[in-house]
Amino acid sequence: MELGAVIVAFKLGILGLGTVGCGTVQLLTDSDGRHPLLEEIEIYRVGVRSLDKPREVKLPKEVVTTDLEAIVTDPEIDIIVEVMGGLEPARELMLKAIRNGKHIVTANKAAISRFGEELYTAANQAGVYVMLEASVGGGIPVIQPLKQSLSVNRIQAVTGIINGTTNYILTRMQDEGSSFDDVLVDAQELGYAEADPTADVEGLDAADKISILASIAFDRGVNREDVYCEGIRQISKTDIEYAQKLGFVIKLLAIAKKVNLTSLSVRVHPTLVPSEHPLASIHGVNNAVFVEGEPIGQVMFFGPGAGAGATASAVSSDILNLVASLISLPESNSKDSKYKISNLDPLLASFHQGYCQLAPREELVTRFYARFLTKDQPGVIGKLGTCFGKHGVSLESVVQTGFQEKLAEIVVVTHDVSEGSFHQALEEIRTLEAIDSIPSLLRVL
Ligand code: HSE
């Protein structure tokens with residue numbers, strides 16, 4: 001289709017004018033040298049909480065309003081761009097917009113990971129699209145590649161570094177030998193971590209994002225509340241040093257993996273990553289998503305996982321994808337049509353075919369790293385080995401190099417073992433008279 005033949009502008013209602021909203025307005029209004037379809041987009045209304053807040057973008061007075069409800073019900077508007085974040089009223093506004101025949105572009109990982117099913121069902125009934133490229137990995141194209149370019153693959157695993165704040169903290173701890181608390185304070189001063197860092201450092205943000213990636217990669221919804229989640233607060237300089245000596249780096253990984261024909265494991269936890277693995281080389285605030293499938297093998301998507309420009313790039317690419325799809329409809333040449341689509345493009349639409357079954361945690365198989373503080377006396381390593389052996393836990397390496405106060409520090413890396421067997425062995429080890437404590441337990445990729 002010749003672009004010159006298009007005679008209508010597509011009207012956007014943008015909800016939210018924070019970092020991502022401002023970045024999106026800036027990008028959409030600076031079209032020189034970008035895709036010509038940007039010319040077909042009009043920023044028609046922008047909804048904000050307060051009109052008085054100073055902002056980086058200047059918009060005509062009549063475009064900005066605090067009446068968000070009026071935007072999602074406005075018959076003139078074709079596409080709602082939800083960049084306000086949070087659960088409510090974002091969910092309610094998106095549902096209302098869908099019921100009013102509007103397509104949705106959203107960056108809201110929290111809402112999509114919890115209410116994806118409800119939003120997709122409503123959208124599919126209404127014949128509109130829900131586009132969510134910006135909800136995971138900021139500017140990295142990963143949602144559409146999973147839905148489209150990799151759609152014929154049987155996906156085996158999706159493993160991501162999908163939280164920039166924690167990757168920044170771990171990278172600095174590793175490079176400088178600093179403690180978690182010191183780097184966190186610095187990261188907050190530099191604006192890389194929020195004043196309340198809970199969602200990032202406890203792994204909750206990454207859990208939202210891996211739920212979304214898993215539901216797309218495996219075509220079924222993931223119940224967000226069932227995602228196992230451990231953060232990075234307990235990671236110590238000692239563990240980073242041991243990991244390095246053993247040939248690993250510690251990363252907060254979000255993993256969605258096929259366990260068997262019917263079930264998946266979806267989890268977030270700090271993980272020892274072999275230093276030669278592609279994910280080990282992801283530094284600072286960057287994100288990466290490593291996909292394993294058949295027949296593709298291994299593919300990694302890498303780039304900036306947050307920030308105004310990067311996230312605006314993802315939001316705007318969704319808007320362009322929608323506009324491209326809408327202008328290919330015969331009725332789009334008529335200003336009267338509302339572009340409701342009776343047959344949604346299945347590679348663009350969002351569907352869940354029921355929910356994934358998540359495997360019980362004790363059945364998951366992984367390698368473990370464990371650090372023990374023990375009395376420095378003969379036979380302790382032997383007793384540890386015996387306990388592990390009794391529960392079928394095979395050890396890959398055992399090292400005793402350090403002391404803390406008068407206690408010996410013993411580090412063990414296991415071969416693959418079920419979480420259940422490993423924890424049974426630990427229960428028995430804790431009862432040994434020579435064992436003082438087990439300060440760290442981490443999984444190994
Ligand atoms: N807080 C997120 C991160 C960015 O640190 O990666 C937004 O998803």
Side-chain angles (χ1 to χ4, degrees), residues 16-24 81-87 90 105-116 131-143 158-173 180 183-216 224 227 229-233 235 250-255 268-271 279 282-290 300-318:
L17 201 50
T19 307
V20 180
C22 281
T24 304
V81 180
E82 187 275 303
V83 283
M84 60 194 294
L87 298 180
V105 172
T106 178
N108 193 332
K109 67 229 156 178
I112 289 293
S113 62
R114 286 163 184 81
F115 309 127
M131 308 288 286
L132 45 127
E133 186 61 68
S135 64
V136 182
I140 310 172
V142 62
I143 302 285
V158 178
T159 307
I161 293 173
I162 45 182
N163 182 267
T165 306
T166 45
N167 203 50
Y168 174 83
I169 293 173
L170 291 171
T171 303
R172 283 204 42 198
M173 286 175 73
F180 170 83
V183 180
L184 175 61
V185 169
D186 221 27
Q188 284 170 319
E189 277 167 14
L190 292 166
Y192 290 132
E194 307 266 352
D196 176 2
T198 312
D200 292 318
V201 301
E202 302 292 352
L204 310 176
D205 172 81
D208 288 350
K209 293 167 179 170
I210 195 66
S211 310
I212 297 173
L213 290 181
S215 71
I216 292 167
R224 168 64 184 81
V227 175
C229 190
E230 256 177 50
I232 64 162
R233 272 188 202 277
I235 301 296
I250 299 180
K251 295 288 185 192
L252 182 70
L253 293 191
I255 305 169
V268 174
H269 49 65
T271 312
L279 286 170
I282 309 305
H283 301 302
V285 291
N286 285 310
N287 282 196
V289 177
F290 186 78
M300 189 163 87
F301 302 88
F302 161 79
T311 312
S313 161
V315 168
S316 306
S317 76
D318 272 351

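Counting starts at 1 for both ligands and their atoms, following the listed order.
Residues passing the side-chain hydrogen bond (donor to acceptor under 3.5 Å, both in side chains) test with Thr159, sequence neighbours excluded: none.
For Ile162 against Ala288, the heavy-atom pair with the smallest separation is CG2-O, 4.3 Å. Counting all heavy atoms, side chain and backbone alike, Ser211 lies closest to Val227 at OG-CG2, 3.6 Å. Between Ile210 and Val158 the shortest heavy-atom distance is CD1-O, 3.9 Å.
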List, pair by pair, the atoms of ligand 1 and of the protein that are both N or O and lie under 3.5 Å apart, giving the separation rounded to 0.1 Å.
{"residue": "ligand 1", "atom": "1 (N)", "partner": "Asp200", "partner atom": "OD1", "Å": "2.9"}
{"residue": "ligand 1", "atom": "5 (O)", "partner": "Asn163", "partner atom": "ND2", "Å": "3.3"}
{"residue": "ligand 1", "atom": "5 (O)", "partner": "Gly164", "partner atom": "N", "Å": "3.4"}
{"residue": "ligand 1", "atom": "5 (O)", "partner": "Thr165", "partner atom": "N", "Å": "3.0"}
{"residue": "ligand 1", "atom": "5 (O)", "partner": "Thr165", "partner atom": "OG1", "Å": "2.5"}
{"residue": "ligand 1", "atom": "6 (O)", "partner": "Gly164", "partner atom": "N", "Å": "2.6"}
{"residue": "ligand 1", "atom": "8 (O)", "partner": "Lys109", "partner atom": "NZ", "Å": "2.8"}
{"residue": "ligand 1", "atom": "8 (O)", "partner": "Lys209", "partner atom": "NZ", "Å": "2.8"}

Listing, residues 189-199 side-chain donor-acceptor contacts under 3.5 Å, not counting sequence neighbours, or none:
{"residue": "Asp196", "atom": "OD1", "partner": "Thr198", "partner atom": "N", "Å": "3.1"}
{"residue": "Asp196", "atom": "OD1", "partner": "Thr198", "partner atom": "OG1", "Å": "2.4"}

Using distance only, find each side-chain donor-acceptor pair of residues 305-317 under 3.5 Å and give its atom names and separation, not counting sequence neighbours.
{"residue": "Thr311", "atom": "OG1", "partner": "Gly307", "partner atom": "O", "Å": "2.8"}
{"residue": "Ser316", "atom": "OG", "partner": "Ala312", "partner atom": "O", "Å": "2.7"}
{"residue": "Ser317", "atom": "OG", "partner": "Ala314", "partner atom": "O", "Å": "2.9"}

